[in-house]
K.L.:
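Quick one: this structure, given as structure tokens, is what I'll be asking you about.
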Amino acid sequence: MPQLAYVNGRILPLADASLHVEDRGTQFADAVYEVCAVMNGRILDWGPHLVRLRRNLAELGIIWSMADGPFGLQARRLIAANGHKDCLLYIQISRGVARRDHAFPDAAPASVVMTVRRFDFGQRVRQLGSGIKVITRPDNRWGRVDIKTTGLLGNVLAKQAAREAGAFEAWLLAGETVREGSSTNAWIVKDGRIITHPTGTSILPGIARDSLIRLATAAQMVVEERPFTLAEARDADEAFLTSTTAPILPVVAVDEHRIGKEGFRGKPGPVTARLAELVWAEVARQTGWAV
Ligand SMILES: Cc1ncc(COP(=O)(O)O)c(C=O)c1O
């Protein structure tokens, strides 16, 4: 079956799917996006993704008139047409096509693109046993990274640096403060407290982050939303990251410095393991997905 994409209301083979060269998404990164996990054919956390998408559109003043119901149907139609049970749904909405000019065009309808890519979520469960490494890089992104725009060059360069260093992720630093990863939110655990950078303008409010806070709080665990430093991360009992494509992964080393208490140094720790149980139980509850 050929891969199919959605472009402005039409589903067509990916190879034939295209946007106009004067789409503002291409020329200015004047576009927002979402990545959703589809597991067992169901979209995880669809409601929160829609809320974030609409907030981002509103922040940028991109007008897009399709209501949630019909849009959800279009997304599900694309997923069904591709025939994948486990995949990532990519949604991108730009300010549309117009003669190149920085200021907003008067009347350009938004461009909407969706693609679907098969994804092995089982690998994320398998990685719970070993954990992953992160490096650190200065955060040189623009000042509104809470808006999920396609302007991701800072994130791209940081991720590439991680890849070249043999690490899974790059944690982005503002001075000594760890903000988040290039495509994930960053967490540490100290004395049983689960710590992550607060939302605001300097991190993306991750859907997986939000979900984890809810699950941990409901399980009577203590979550602190506050900035933490690189020194705290190095000295943490445990560390981990979250995202749609990696719902929770233990971080066992930061810049070659192994994380963890005696007996767990450089290994996944018990709090992260407990959180992983909660996260994957929630996935199963919503989607019926099992390894
Ligand atoms: C910079 C950044 N932070 C955090 C995340 C995690 O967000 P979510 O949990 O919604 O996938 C992402 C996801 O792409 C991201 O790009």
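Numbering of ligands and ligand atoms starts at 1, following listing order. This chain uses plain numbering: 1 for the first residue, then up along the sequence.
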K.L.:
If we count only N and O atoms by modelled type, under 3.5 Å, do the side chains of D146 and T201 hold a donor and an acceptor together?
P.N.:
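No, because no side-chain N or O of D146 sits under 3.5 Å from a partner of the opposite role on T201.
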K.L.:
Under the rule for side-chain contact (heavy atoms from CB on, under 4.5 Å), what residues qualify as partners of V112, not counting sequence neighbours?
P.N.:
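Y6, N8, W64, F71, I93.
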K.L.:
When you compare ligand 1 with T245, is there at least one nitrogen or oxygen pair between them that comes in under 3.5 angstrom?
P.N.:
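No: no nitrogen or oxygen of T245 is under 3.5 Å from one in ligand 1.
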K.L.:
I'd like to check which ligand 1 atoms, numbered from 1 as shown, lie under 4.0 Å from a non-hydrogen atom of G206.
P.N.:
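Going through ligand 1 atom by atom, the ones under 4.0 Å from G206 are 7 (O), 8 (P), 9 (O), 10 (O).
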K.L.:
Any ion pair linking R42 and D86 (charged N to carboxylate O, less than 4.0 Å)?
P.N.:
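No salt bridge links D86 with R42.
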K.L.:
With heavy atoms of T244 as the reference, note each atom of ligand 1 found under 4.0 Å away.
P.N.:
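Taking each heavy atom of T244 in turn, ligand 1 has 8 (P), 9 (O), 10 (O), 11 (O) under 4.0 Å.
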K.L.:
In ligand 1, which numbered atoms sit nearer than 4.0 Å to a non-hydrogen atom of S182?
P.N.:
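Heavy-atom distances to S182 below 4.0 Å select 1 (C), 16 (O).
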K.L.:
At what distance is the nearest protein heavy atom to atom 3 (N) of ligand 1, and which residue and atom is it?
P.N.:
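Here the closest protein heavy atom is E180 OE1, 2.6 Å.
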K.L.:
Taking 4.0 angstrom as the limit and counting only heavy atoms of N155, give me the atoms of ligand 1 inside it, by number and element.
P.N.:
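Taking each heavy atom of N155 in turn, ligand 1 has 1 (C) under 4.0 Å.
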K.L.:
Looking only at distance, does A208 have an N or O less than 3.5 Å from an N or O of ligand 1?
P.N.:
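Yes, at least one N or O pair falls under 3.5 Å.
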K.L.:
Which of the atoms of ligand 1 are close to N185, meaning less than 4.0 Å from one of its heavy atoms?
P.N.:
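This gives 4 (C), 6 (C) as the contact atoms.
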K.L.:
Check whether the side chains of Q123 and R126 place a donor and an acceptor atom closer than 3.5 Å, and report yes or no.
P.N.:
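Q123 vs R126: no donor-acceptor pair found between side chains.
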K.L.:
Side chains of I259 and R265: closer than 4.5 Å at any heavy-atom pair?
P.N.:
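I259 vs R265: side chains apart.
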K.L.:
Are any non-hydrogen side-chain atoms of F121 and L44 less than 4.5 angstrom apart?
P.N.:
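A side-chain contact is absent here, since even the closest heavy-atom pair is not under 4.5 Å.
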K.L.:
Would you say ligand 1 has an N or O under 3.5 Å from any N or O of R209?
P.N.:
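R209 vs ligand 1: no N/O contact under 3.5 Å.
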K.L.:
Measure the shortest side-chain to side-chain distance between V189 and R193 over non-hydrogen atoms and say whether it is less than 4.5 angstrom.
P.N.:
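When only atoms from C-beta onward are counted, R193 and V189 do not touch, as no gap falls below 4.5 Å.
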K.L.:
Which atoms of ligand 1 are found less than 4.0 Å from any heavy atom of G181?
P.N.:
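Result: 1 (C).
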K.L.:
Does at least one non-hydrogen atom of P205 fall below 4.0 angstrom from an atom of ligand 1?
P.N.:
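So P205 does not count as touching ligand 1.
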K.L.:
Compute the minimum heavy-atom distance from R141 to ligand 1 and say whether it is under 4.0 Å.
P.N.:
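The answer is yes, since R141 has a heavy atom less than 4.0 Å from ligand 1.
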K.L.:
So, is I207 polar-close to ligand 1, with some N/O to N/O distance under 3.5 Å?
P.N.:
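N/O-N/O distance below 3.5 Å exists for this pair.
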K.L.:
With the 4.5 Å side-chain cut-off for hydrophobic clustering, are W280 and L215 part of the same group?
P.N.:
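They do share one cluster, since a chain of ILVMFWY contacts under 4.5 Å joins W280 to L215.
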K.L.:
If you count heavy atoms of other groups shown closer than 6.0 angstrom to NZ of K133, is the number above 12?
P.N.:
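12 or below, so no.
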K.L.:
Test your reading of the structure: does S243 have an N or O sitting under 3.5 Å from an N or O of ligand 1?
P.N.:
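No, there is no polar N/O contact under 3.5 Å.
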K.L.:
Yes or no: does S211 have any heavy atom under 4.0 Å from an atom of ligand 1?
P.N.:
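No, S211 has no heavy atoms under 4.0 Å from ligand 1.
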K.L.:
Return the closest protein heavy atom for atom 12 (C) of ligand 1 as residue, atom name and distance.
P.N.:
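Going by distance alone, atom 12 (C) of ligand 1 is nearest to S183 O, 3.3 Å.
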K.L.:
So which protein heavy atom does atom 14 (O) of ligand 1 come closest to, and at what separation?
P.N.:
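The closest one turns out to be K148 NZ, 2.9 Å.
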K.L.:
Does K190 make a cation-pi contact with F228 (under 6.0 Å, within 45 degrees of the axis)?
P.N.:
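Checked: cation-pi criterion not met.
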K.L.:
Just checking, is any N or O donor in the side chain of S182 or E169 under 3.5 Å from an acceptor N or O on the other one?
P.N.:
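Indeed, the side chains of S182 and E169 share at least one donor-acceptor pair under 3.5 Å.
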